[in-house]
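Numbers here are sequence positions counted from 1. In what follows, every heavy atom counts, from backbone to side chain, and hydrogens, waters and symmetry copies are set aside. Please read these numbers as outputs of a predicted model, since none were measured by experiment.
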Amino acid sequence: MPPHSKWDGDSNSSSSRTSSYSTHALLTRSEVAGPLHPPLNPKTLPAFFRDDVERPRPHGGPVGRNLASTDDRYLGWDFQEFDRHVQALARGLVGLGVKKGDRVGVYACLQWACASVGAVLVSTLALAGVSHLFVVPHLRSSAYVRMLCDAFPALAASAPGDIQEEALPALRHLVVVTTSAAVWAGALEGARPAVDFREVLVWREDGAERKEVVERENGLRADDVVNLQFTSGTTGLPKAVSLTHHNLLNNGLAIGRCMRLSEEDILLTQEKCTALHGVPTHFLGVLAEVQRRRKAGELVDTRTHEKLNLTELTVAPVTFQSITSDPVAKRVETVGRILPHVRAKVVDPDGEVVPIGKPGELIVAGYPLQKGYWNDVEQTQKVMERDAEGTLWMHTGDEGTMDEEGYLRSKHGIRFPNLFPVQIENVMTAHPDIREAQPSQCPTPSTARRGRVGRARTWRVAVAEANAPAWVWFTGRDGTAEELPKTASGKVQKHILREWSKELAERGVGRYHERRQECISPREHRPRTAKSEQALRSCS
């Protein structure tokens, strides 16, 4: 067995601010097993909320300050109020005819309500056979109800509760979530089967729906599927990952421990949050909003190390995570170390564990493992297998290397020795004119021979010459789109980037040696910061 990591600190307390990892010995092989303490939580999501979540206002207290708000973007609840709404929605789902195992998509409060009645929350309609769809009328420039009606004309002729759309044979209910009568009236246009979310909730606690919810909660098991989390589609078509109460609850608890979250932390932006969760696109959006407000003359007291005060940044890709006491370099250049109750190996094509520092495929075992791809036995069997000891392992398809302390570096599809995307991104984004950078492997014979990497969000400054790009492209130029291709959650779709790269390289557009001067001459007349001066020197 590999060395176990040790978890130091009061791991049973959510308010612990001193937790840290250590290892008994430095590694020589790329194989690790997380500590076995604290123990995993065996409860379902509704049981955990009922038994373990602290309840403010135990003696009643005033009605929540935002219950009468007409602003869809902001509803403020404490835990007790949130649970009251969850239970009303759970009873409403029963009233709609939602059965155990039905797929329901997708609204935040629904995760807990679906978990209470045995339904499964999903985010893709056709693949998962969604029977009840909850949508907001619009988000930013996307008018969801109108988009649905345009995409599926039969919706306009269907009755509430009896949608008849050939492309979505399982769909029966369309529920529009809003607290504004004016917004609701506008959302109804062309959407005859739409039901007002406010009419779904059942506030009475003495009816048949309440009895049904209680019976279903009592029959739940921790390994019941409660969420279909679609893969991001960054490397191909999305697949529905079946996640259970056990997966979600324990991973959430582990992430909270690594972030050292306590009852004093706040995760809602309007409430001067102390913690943020998101992919890089989300943080770029926050930075853009900060810059917009400052240009408008507002005083914004946020800072990322310098600008958002993210002094305790951690990265959490489910099975590994950095912690707030790790050195900064480890927190920004690796995905951390193995979490408790998880095992991981980096293996070669024959399945043999590789030495530390050598790249290979990451495979993992333990409680975070999904229950399989939804209705896809073939794909499940391709990625999940048991070893001779009976341990179930999942092949992630991700390439990476592990260092002697157990920190993992992910290569995200770039398959050249000692070259990691984050190192390239750090050099590119050091320049003040670069907002976002995305390197990836360019699938052309010449690139493979030269051992170079190409693909940048904007123009690119060089790292070591051996790792200089063969190709450089700007978004919005040379026939590229104005923005990088991203999933709904904001992750870059790398398989689309590779297609773009191949097509542009075949046209001979964007060769590195032809663009080197662009790194210098357009900027010569501009004031230079210390960072931009260093970046410009590295480009020449």
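A distance of 12.5 Å separates CD in Glu333 from OH in Tyr407, rounded to the nearest 0.5 Å. We find the OG1-CZ distance between Thr480 and Phe474 to be 10.0 Å, quoted to the nearest 0.5 Å. Atom CD1 of Ile163 sits about 8.5 Å away from atom CG of Leu168, to the nearest 0.5 Å. With rounding to the nearest 0.5 angstrom, the CG atom of Leu248 is 10.0 Å from the CG atom of Leu121. From Leu339, atom CG reaches atom CZ of Arg257 across 10.0 Å, with rounding to the nearest 0.5 Å. Between the OG atom of Ser242 and the CG atom of Asp376 there is a distance of 10.0 Å, given to the nearest 0.5 Å.
When all heavy atoms of His132 and Leu171 are compared, the closest pair comes out as N-CD1, 4.2 Å. When all heavy atoms of Leu27 and Glu405 are compared, the pair lying nearest together is CD1-C, 4.5 Å. Taking each heavy atom of Val175 and Phe197 in turn, the nearest pair found is CG1-CA, 3.6 Å. In this structure, Val104 and Cys114 approach most closely via the heavy-atom pair CB-SG, 3.8 Å. Heavy atoms only, all atoms of each residue included: Gly406 and Val32 are closest at CA-CG1, 4.3 Å. Smallest separation of non-hydrogen atoms from Val122 and Arg103: CG1-CG, 3.6 Å.
Taking the side chain as every heavy atom from C-beta outward, Thr244 and Asn227 never approach each other to under 4.5 Å. With a 4.5 Å cut-off on side-chain heavy atoms, Thr475 and Leu484 count as touching. In this structure, Val346 and Val353 have side chains that are not in contact, with every pair of non-hydrogen atoms separated by 4.5 Å or more. A heavy-atom distance below 4.5 Å is not found between the side chains of Cys258 and Thr324. Between Val135 and Val177 there is no side-chain heavy-atom pair separated by less than 4.5 Å. No side-chain heavy atom of Phe320 sits less than 4.5 Å from a side-chain heavy atom of Ser410. Considering only heavy atoms from C-beta on, Leu148 comes within 4.5 Å of Leu133 through its side chain. A heavy-atom distance below 4.5 Å is not found between the side chains of Met402 and Lys345.
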Please determine whether side-chain contact (heavy atoms from CB on, under 4.5 Å) holds for the pair Glu31 and Arg343, giving the CA-CA distance in whole Å, both sets of side-chain angles, and the decisive distance to 0.1 Å.
CA-CA 8 Å; Glu31 180 177 5; Arg343 294 175 61 187; 3.8 Å; yes
Step-by-step side-chain contact (heavy atoms from CB on, under 4.5 Å) determination, Trp500 to Trp473:
CA-CA 10 Å; Trp500 288 5; Trp473 296 289; over 6 Å; no
Check the pair Thr314, Gln321 against side chain to side chain donor-acceptor pair (under 3.5 Å), reporting the backbone distance first and the verdict last.
CA-CA 7 Å; Thr314 75; Gln321 185 170 353; 3.2 Å; yes
What do the steps show when you test Val225 against Leu243 for side-chain contact (heavy atoms from CB on, under 4.5 Å), and what is the final call?
CA-CA 5 Å; Val225 173; Leu243 299 176; over 6 Å; no
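Annotation: cation-pi pair Lys239/Trp374 absent, no NZ/CZ under 6.0 Å from the ring centroid and within 45° of its normal.
Under the 3.5 Å distance criterion, the side-chain polar atoms of Asn250 are matched with a main-chain donor or acceptor of His246. Although no hydrogens or angles enter the test, the distance criterion places no donor-acceptor pair under 3.5 Å between the side chain of Trp393 and the main chain of Ala344.
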Would you mind writing out the side-chain donor-acceptor pairs for residues 354-372 within the sub-3.5 Å range, not counting sequence neighbours?
unit_1: Glu361; atom_1: OE1; unit_2: His395; atom_2: ND1; d: 3.2
unit_1: Glu361; atom_1: OE2; unit_2: Gly397; atom_2: N; d: 2.9
unit_1: Gln370; atom_1: OE1; unit_2: Gly372; atom_2: N; d: 3.1
unit_1: Gln370; atom_1: OE1; unit_2: Tyr373; atom_2: N; d: 3.2
unit_1: Lys371; atom_1: NZ; unit_2: Asp223; atom_2: O; d: 2.7

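Looking only at atom types and distance, the side chain of Asp265 has a donor-acceptor partner in the side chain of Thr274 under 3.5 Å away.
For Asp403, the salt bridge (Lys or Arg N to Asp or Glu O under 4.0 Å) partners are Lys330, Arg409, not counting sequence neighbours.
A salt bridge links Arg292 and Glu289; the closest N-O separation between the charged side-chain nitrogens and carboxylate oxygens is under 4.0 Å.
Crowding of Glu298 atom CD: a count of heavy atoms from other residues, nucleotides or ligands under 6.0 Å exceeding 12.
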